[in-house]
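Here the structure comes first, spelled out in structure tokens, and everything after it is commentary.
Sequence positions, counted from 1, serve as the residue numbers for this chain. None of these values were measured; they are calculated from a predicted model.
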Amino acid sequence: MTLNSSKWIWRVTAWISAIATVVLVVGFINAFQDVNGSYTEPSAAEDQITGSTEEENPDMNNPDEANESEDNNDISKEPSTVLPPLPDDIKITAIGDSLAKGTGDNTGEGYVRRSIQQLNENGRKSELLNNLAINGLTTEGLLTRLEDQGIRYALEKADLILLSIGGNDLFQGSGLVENGQAGAGEFSPEQLVQEIPRASERLKEILQNIRQLNPTARVIYIGLYHPFADFQELLIPGNIAVSTWNHAAQQIINEDPNMVLVPTFDLFQGKLGQYLSSDHFHPNGDGYQLIAERIAKGIL
């Protein structure tokens with residue numbers, strides 16, 4: 001598998017995950033709004049998930065024009081440049097939040113060390129320069145950390161940068177983490193969705209800063225999953241927020257041909273009891289293994 005094709009496999013998988021969520025959201029969004037009268041954000045969020053549905057279609061009475069439009073759409077899906085190959089000896093730096101740190105994995109390896117092990121076992125020599133992840137880190141906190149000279153040096157020397165950030169922005173401020181771990185309770189769906197534009201702008205700035213520090217490194221961003229989807233009252237707002245975030249992140253990443261998003265939503269959907277740790281938020285060892293295998297598969 002080429003690096004170029006793997007980039008699109010990740011994107012297709014991300015879109016499939018988002019579409020699956022939309023099917024669920026559309027069926028239940030009106031009922032959810034009736035219960036939460038003041039919550040008017042899901043409609044906007046749903047638009048962001050699905051993208052515009054009002055695009056003008058080619059004249060169906062003019063087959064040539066329709067075929068031409070279809071050909072143009074196919075061309076637009078091609079990357080503007082070919083992805084540069086990774087070196088034979090891949091130097092890796094990880095940065096971000098507790099997901100990048102491996103919290104919840106009893107072995108302490110997380111997806112970072114597990115993916116490196118996968119690469120080495122399959123003949124791609126890889127080594128970890130540094131794991132700079134911190135539990136509880138937000139996009140705002142990561143922007144500040146990118147000013148640290150030691151962190152900048154570790155990013156500059158990497159061939160591959162693994163990044164996980166955004167989950168704390170979404171879940172902490174809304175109370176979803178606290179109430180989800182407690183089993184239920186009050187939380188703010190409005191704040192859950194309203195935080196996305198600000199946090200996604202910070203994500204864009206983070207990725208731009210990383211690219212300025214290292215113009216050639218492959219950057220792999222780990223998409224979010226919904227850890228509280230097994231609670232009925234948290235299912236719809238959480239799915240909307242996570243899918244909207246992942247879509248926004250994908251649009252940012254699409255601007256750089258040497259960045260990819262690895263989706264995780266589908267890995268945990270309907271399997272939270274199997275792949276979450278006891279804190280009901282972070283993956284367990286098996287969950288991290290799934291993420292690591294997906295990362296490695298796109299590189300091998």
Side-chain angles (χ1 to χ4, degrees), residues 3 7 10 81 83-103 108-117 119-120 124-170 172 195 197-224 245-246 248-262 264 282 288 291-292 295-296 298-299:
L3 291 173
K7 178 185 180 78
W10 277 329
T81 58
L83 292 173
L86 289 166
D88 294 334
D89 187 353
I90 306 174
K91 296 179 175 60
I92 299 174
T93 292
I95 192 168
D97 53 25
S98 54
L99 197 66
K101 189 176 180 64
T103 301
E109 293 181 340
Y111 72 75
V112 175
R113 292 192 178 276
R114 288 174 181 270
S115 61
I116 292 174
Q117 182 179 358
L119 291 171
N120 284 321
R124 292 303 305 269
K125 186 178 179 181
S126 306
E127 62 174 315
L128 180 64
L129 295 180
N130 209 330
N131 189 333
L132 306 169
I134 296 179
N135 288 342
L137 194 65
T138 62
T139 53
E140 185 175 4
L142 182 52
L143 277 173
T144 300
R145 284 180 58 78
L146 289 178
E147 299 174 4
D148 182 271
Q149 289 302 315
I151 291 175
R152 294 169 70 90
Y153 179 82
L155 293 172
E156 289 171 352
K157 296 300 180 182
D159 304 307
L160 179 66
I161 297 171
L162 300 175
L163 170 65
S164 172
I165 199 71
N168 293 312
D169 293 82
L170 250 63
Q172 282 185 348
E195 179 59 26
R198 293 187 293 269
S200 61
E201 281 301 313
R202 292 192 291 268
L203 174 63
K204 183 175 184 178
E205 187 175 353
I206 287 168
L207 292 172
Q208 289 174 340
N209 288 351
I210 291 175
R211 178 54 72 220
Q212 289 175 358
L213 287 171
N214 192 326
T216 61
R218 174 71 46 79
V219 178
I220 295 180
Y221 175 76
I222 310 303
L224 300 187
W245 171 267
N246 286 338
Q250 183 70 74
Q251 297 309 302
I252 297 169
I253 288 168
N254 284 348
E255 298 177 4
D256 189 313
N258 205 16
M259 292 184 181
V260 292
L261 184 149
V262 173
T264 64
H282 299 95
Y288 279 117
I291 300 174
I295 293 172
I299 296 173

Looking only at heavy atoms, which two atoms of [X] and [Y] are closest? And how far apart?
| X | Y | value |
| --- | --- | --- |
| A158 | N214 | O-ND2, 2.8 Å |
| S98 | N135 | CB-OD1, 3.0 Å |
| A249 | L203 | CB-CD2, 3.8 Å |
| S200 | W245 | N-CZ3, 3.5 Å |
| I206 | T139 | CD1-O, 3.6 Å |
| S126 | I92 | CB-CD1, 4.1 Å |

Please examine the side chains of [Y] and [X], heavy atoms only from C-beta on, and report whether any two atoms are closer than 4.5 Å.
| X | Y | value |
| --- | --- | --- |
| Y221 | I252 | no |
| L137 | I95 | no |
| L99 | Y288 | yes |
| L207 | D256 | no |

What's the spacing between [X] [atom1] and [Y] [atom2] if we round to 0.5 Å?
| X | Y | atom1 | atom2 | answer |
| --- | --- | --- | --- | --- |
| I116 | I90 | CD1 | CD1 | 9.5 Å |
| L146 | Q212 | CG | CD | 10.5 Å |
| I222 | N246 | CD1 | CG | 11.0 Å |
| E201 | K204 | CD | NZ | 6.0 Å |
| M259 | I210 | CE | CD1 | 6.5 Å |
| I165 | L224 | CD1 | CG | 9.5 Å |

Is the backbone N or O of [Y] less than 3.5 Å from a side-chain atom of [X], with the two atoms forming a donor-acceptor pair by type?
| X | Y | result |
| --- | --- | --- |
| R145 | L132 | yes |
| R124 | P87 | yes |
| N258 | A217 | yes |
| T93 | A154 | yes |

Under the rule for side chain to side chain contact (heavy atoms under 4.5 Å, CB included), what residues qualify as partners of [X], not counting sequence neighbours?
| X | value |
| --- | --- |
| T138 | E140, N168, D169, Q172 |
| L213 | R152, L155, E156 |
| Q117 | E109, E121 |

Do Q250 and N254 pass the side-chain hydrogen bond (donor to acceptor under 3.5 Å, both in side chains) test, and can you show the C-alpha distance, the side-chain angles, and the key distance before you say yes or no?
-> CA-CA 6 Å; Q250 183 70 74; N254 284 348; 2.9 Å; yes
For atom CG of D89, decide whether the heavy atoms of other residues, nucleotides or ligands shown that lie under 6.0 angstrom number more than 12.
-> yes
Quick check: are there more than 12 heavy atoms from other residues, nucleotides or ligands sitting under 6.0 Å from CZ of R113?
->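 Counting neighbours around CZ of R113, 12 or fewer heavy atoms of other residues, nucleotides or ligands fall under 6.0 Å, so no.
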